[in-house]
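The structure presented is a predicted model; accordingly, all values stated were derived computationally and were not measured. Side chains included, hydrogens not; waters and symmetry mates left out as well; all remaining heavy atoms used. Sequence positions, counted from 1, serve as the residue numbers for this chain.
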Amino acid sequence: ASTGERMADLSLIVTPPPPVSLEDLAAELELYLTRFPGVGALYIQDLATGAEAHVNSDVAYSGMSTLKIALISALMDMLPNGVSGDDPQTIQLGELADRALGESNNFAANLVVEALGSGDRDAGLRRFNTFLREVGLTDTYMQTGYDAPTQLPVLPTAANQRTDINTEPDSNIQTTAADLGRMLAALYHCTQGEGLLLERRPATITPDECRTILFYMTHDEFREMVWDGLPAPNEQWILHKHGFSAWHHSDAALVWGPTGPYVVTMFLYRPGWLDWATSNAAFKDASRLIWRFFEFRREQGLPAAGEPLELAPPPGYVKVAEYAPSRANPGGE
């Protein structure tokens with residue numbers, strides 16, 4: 001109550017905010033997807049730490065063309081020396097793999113299935129499904145190949161036996177965001193001489209074969225969806241594989257982010273028909289949120305990303321089309 005002038009010294013203690021986690025990212029993405037008129041699924045893996053984020057990532061969706069990532073991985077697993085430069089047969093298989101991933105060519109993908117079975121599609125499908133189980137993709141399968149006129153009964157998986165969420169997935173080709181995301185993450189780790197693929201398939205797959213798969217993926221030049229959601233799409237390092245059906249859209253991408261590489265797989269479902277404008281906007285918004293998350297982590301003190309992965313054509317490579325240069329394929333090879 002004194003009217004005299006007085007001074008008090010106050011202590012100021014600044015507590016920095018705790019570092020954000022991928023669980024925080026998942027919560028934001030889940031909140032965002034509540035505005036989507038259907039069911040969205042997301043899987044993100046920080047390849048520097050192995051940390052994961054999940055939003056409906058164990059829900060069954062149609063596999064679509066995104067499953068060709070796993071299909072071409074099974075092909076490389078079968079080839080004893082990858083796409084060898086002095087073997088015409090494997091060079092031809094490499095061209096099929098290139099077209100399946102780059103052009104999203106279903107006919108080429110079906111020929112790869114037949115090659116897995118030495119000309120017998122059923123045997124190839126059995127081999128592919130065995131490969132999927134052996135590398136841990138327990139919610140993924142293929143029954144008939146692409147563009148099959150006949151729908152077969154669903155093969156039961158934990159993902160498609162859920163009673164809370166049903167996305168009406170294709171009974172012939174199914175996967176989940178988590179399965180496909182972990183497959184793409186395993187391919188990256190394989191290029192570094194480590195990870196699940198080399199642990200489970202040490203005698204049949206090599207880092208060079210994994211690099212070849214990722215090189216072929218640079219030929220998917222559809223620069224929408226996750227790609228176009230990056231803040232500077234023409235400047236950032238990304239490779240991806242997209243897929244479409246009438247009510248499902250998907251994208252699986254490997255991105256070199258502000259703190260290093262990360263994988264994002266995203267699936268969307270809208271009953272009856274999923275229109276492109278709604279779908280693409282959701283992919284781009286989610287991609288931008290994910291990039292900003294890693295950008296914020298960089299601002300919080302995480303080390304900056306190093307130089308991105310360099311990819312090159314396999315020996316004896318024959319270009320099947322002309323490609324616009326990108327950060328992941330700067331020479332347009």
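Classification of D98 and K319 as a salt-bridged pair fails, no side-chain N sitting under 4.0 Å from a carboxylate O. A salt bridge links E295 and R292; the closest N-O separation between the charged side-chain nitrogens and carboxylate oxygens is under 4.0 Å. Note on R182 versus E52: salt bridge recorded, some NZ/NE/NH1/NH2 to OD/OE distance being below 4.0 Å. No salt bridge links E134 with R200; every basic N to acidic carboxylate O contact stays at or beyond 4.0 Å.
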Apply the test side-chain hydrogen bond (donor to acceptor under 3.5 Å, both in side chains) to residues D179 and T140: give CA-CA distance (whole Å), side-chain angles for both, the deciding distance (0.1 Å), then the verdict.
CA-CA 7 Å; D179 267 10; T140 302; 2.7 Å; yes
Begin with the C-alpha distance, continue with both residues' side-chain angles, and end with the deciding distance and a verdict on side-chain hydrogen bond (donor to acceptor under 3.5 Å, both in side chains) for S21 and D24.
CA-CA 5 Å; S21 68; D24 298 317; 3.3 Å; yes
Are F36 and T278 close enough, and set up right, to give a side chain to side chain contact (heavy atoms under 4.5 Å, CB included), and what steps lead you there?
CA-CA 8 Å; F36 174 73; T278 301; 3.9 Å; yes
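Pairing each heavy atom of D208 with each of R211, the nearest pair is OD1-NH1, 2.7 Å. In plain terms, the two heavy atoms of C210 and L197 that are nearest each other are SG-CD1, 4.2 Å. Among all heavy-atom pairs drawn from A177 and L42, the shortest one is CB-C, 4.2 Å. Closest approach of C190 to T206, counting heavy atoms only: SG-O, 3.5 Å. Residue Q300 comes nearest to P18 through the heavy atom pair NE2-O, 3.5 Å, listed as atom of the first residue, atom of the second, then distance. Heavy atoms only, all atoms of each residue included: D77 and R201 are closest at OD2-NH2, 2.8 Å.
Applying ring pair (Phe, Tyr, Trp, His ring centres under 6.0 Å) to F222 and the options H249, H240, H242 leaves one that passes, H242. Just one residue in the list N105, L93, L96 forms a side chain to side chain contact (heavy atoms under 4.5 Å, CB included) with L111, and that residue is L96.
A ring-centre distance under 6.0 Å is not found for Y141 and F128. For F244 and W276, the gap between ring centers is short of 6.0 Å. The distance between the ring centers of Y269 and Y61 does not fall below 6.0 angstrom.
In E299, the CD atom is crowded: over 12 heavy atoms of neighbouring residues, nucleotides or ligands sit closer than 6.0 Å.
In the hydrophobic clustering of this structure, V55 does not group with L180; members are Ile, Leu, Val, Met, Phe, Trp, Tyr whose side-chain heavy atoms approach within less than 4.5 Å, directly or through other members.
For K241 and Y216, the positive end is not near the middle of the six-membered ring at less than 6.0 Å and at most 45° from its axis.
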